[in-house]
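Have a look at the structure below before the remarks.
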Amino acid sequence: MRDSAVPAFRLFLLRHARSGWALPGQRDFDRALDDAGYAEAALTAQAAADRGLRPDVILCSTAVRCRQTAEPLYRALGEELDVRYVDQLYSGPTSTYRNLVEAHAHRDSLMLVGHNPMIEELFLQILGGESAAAALGDGYPPAGLAVIDFRARPTPGGIWSASLGMLLVPQLEEAEGQ
């Protein structure tokens, strides 16, 4: 019998950290993190490590800013992390994110490192209601990491039953005070 405190499946949703605007002639795909973004990514990775949060697999958009957001996870959580880069997380709609969750629901946990508006839309679809919207305030924050616990494994076409375990939002003041 499964311990009721242990979720059937845990989903981590990580939005990429702050990035600079595209330079003249630069593709959106190639935008890099700015200085604040690098600090945010490091803070989020360390906060996850401090809380013992470690996904079985990480699916990360191939966009530069997402890869750069995921890099500190190696330092904080360990070099042996299973990180896979998925083009569809850059260009796909929210349904692509949902399909990837369903395809990996046989695992204990999954992290998606991706983009808005898809990360925010998936968050709202899974949790629904005013409480999910209230948790976000002014939208899904850069380098924000939601930990969503499912009571049953997500199934294609099924109704997902989940709750927000925590929402980690990096505070740059923390990095500046160190």
key: Distance, nearest 0.5 Å, that separates OH of Tyr97 from CG of Leu13   = 9.5 Å
inquiry  = For the backbone of Ala17 and the side chain of Thr69, can you confirm whether one donor and one acceptor N or O come within less than 3.5 Å of each other?
reply    = yes
task = Apply side chain to side chain contact (heavy atoms under 4.5 Å, CB included) to Ala162 and list each qualifying residue two or more places apart in sequence or on a separate chain.
result = Ile126, Leu127, Ile148, Phe150
inquiry  = Distance check, rounded to the nearest 0.5 Å: Asp56 atom CG versus Arg107 atom CZ?
reply    = 6.5 Å
key: For the student: nearest non-hydrogen atoms of Ala135 and Leu164, plus distance   = CB-CD2, 3.9 Å
query = Rounded to the nearest 0.5 Å, how far apart are CZ of Phe123 and OG1 of Thr94?
reply = 14.0 Å
Pairs involving residues 83-94, ordered by first then second residue, that meet salt bridge (Lys or Arg N to Asp or Glu O under 4.0 Å) (sequence neighbours left out) = Asp82-Arg84
query = Pro154 and Ala105: which non-hydrogen atoms are nearest, and at how many Å?
reply = O-CB, 3.4 Å
request  = Using side chain to side chain donor-acceptor pair (under 3.5 Å) as the criterion, list what pairs up with Ser61, not counting sequence neighbours.
outcome  = His115
task = Return each pair, listed once, that meets salt bridge (Lys or Arg N to Asp or Glu O under 4.0 Å) where at least one residue sits in residues 37-47; pairs must be two or more places apart or across chains.
result = Arg18-Glu40
key: Approximate separation, where rounding is to 0.5 Å, of Leu110 CG and His104 NE2   = 6.5 Å
query = For Gln46, what residues pass the side chain to side chain contact (heavy atoms under 4.5 Å, CB included) criterion, not counting sequence neighbours?
reply = Ala49, Asp50, Ala76
inquiry  = List the residues meeting side chain to side chain donor-acceptor pair (under 3.5 Å) with Ser109, not counting sequence neighbours, and say none if there are none.
reply    = none
inquiry  = For a 4.5 angstrom cut-off between non-hydrogen side-chain atoms, does Gln125 reach Leu122?
reply    = yes
request  = Answer yes or no: is there a donor N or O on one side and an acceptor on the other, between the side chain of Arg153 and the main chain of Ala8, under 3.5 Å?
outcome  = yes
inquiry  = Would you say Phe9 ends up clustered with Leu59 if hydrophobic residues are merged whenever their side chains have heavy atoms under 4.5 Å apart, either directly or through other cluster members?
reply    = yes
request  = Go through the structure and list residues passing side chain to side chain donor-acceptor pair (under 3.5 Å) with Arg151, not counting sequence neighbours.
outcome  = Ser161
ask   = Ala41 and Ala143: which non-hydrogen atoms are nearest, and at how many Å?
value = N-CB, 4.3 Å
ask   = Can you name the nearest heavy-atom pair linking Cys66 to Gly114, along with the distance?
value = SG-O, 3.8 Å
inquiry  = Can you list everything that forms a side chain to side chain donor-acceptor pair (under 3.5 Å) with Glu130? Sequence neighbours excluded, please.
reply    = none
inquiry  = Can you list everything that forms a side chain to side chain contact (heavy atoms under 4.5 Å, CB included) with Glu102? Sequence neighbours excluded, please.
reply    = Arg98, Asn99, Pro156, Trp160
Validation: residues 23-33 side-chain donor-acceptor distances under 3.5 Å, sequence neighbours left out:
residue: Gln26; atom: OE1; partner: Leu23; partner atom: N; Å: 2.8
residue: Gln26; atom: NE2; partner: Asp30; partner atom: O; Å: 3.1
residue: Arg27; atom: NE; partner: Asp30; partner atom: OD2; Å: 3.1
residue: Arg27; atom: NH2; partner: Asp30; partner atom: OD1; Å: 3.3
residue: Arg27; atom: NH2; partner: Asp30; partner atom: OD2; Å: 3.3
residue: Asp28; atom: OD1; partner: Arg31; partner atom: NH1; Å: 2.7
residue: Asp28; atom: OD2; partner: Arg65; partner atom: NH2; Å: 3.0
residue: Asp28; atom: OD2; partner: Tyr90; partner atom: OH; Å: 2.8
residue: Arg31; atom: NE; partner: Gly20; partner atom: O; Å: 2.8
residue: Arg31; atom: NH2; partner: Ser19; partner atom: OG; Å: 2.6

remark   = The side chain to side chain contact (heavy atoms under 4.5 Å, CB included) partners of Pro93 (sequence neighbours excluded) come to Ser95, Thr96
For Val147, the rest of its hydrophobic cluster, which grows through side-chain links under 4.5 angstrom = Phe12, Leu14, Leu53, Ile58, Leu73, Tyr74, Leu77, Leu81, Val83, Tyr85, Met111, Val113, Leu145, Met166, Leu168
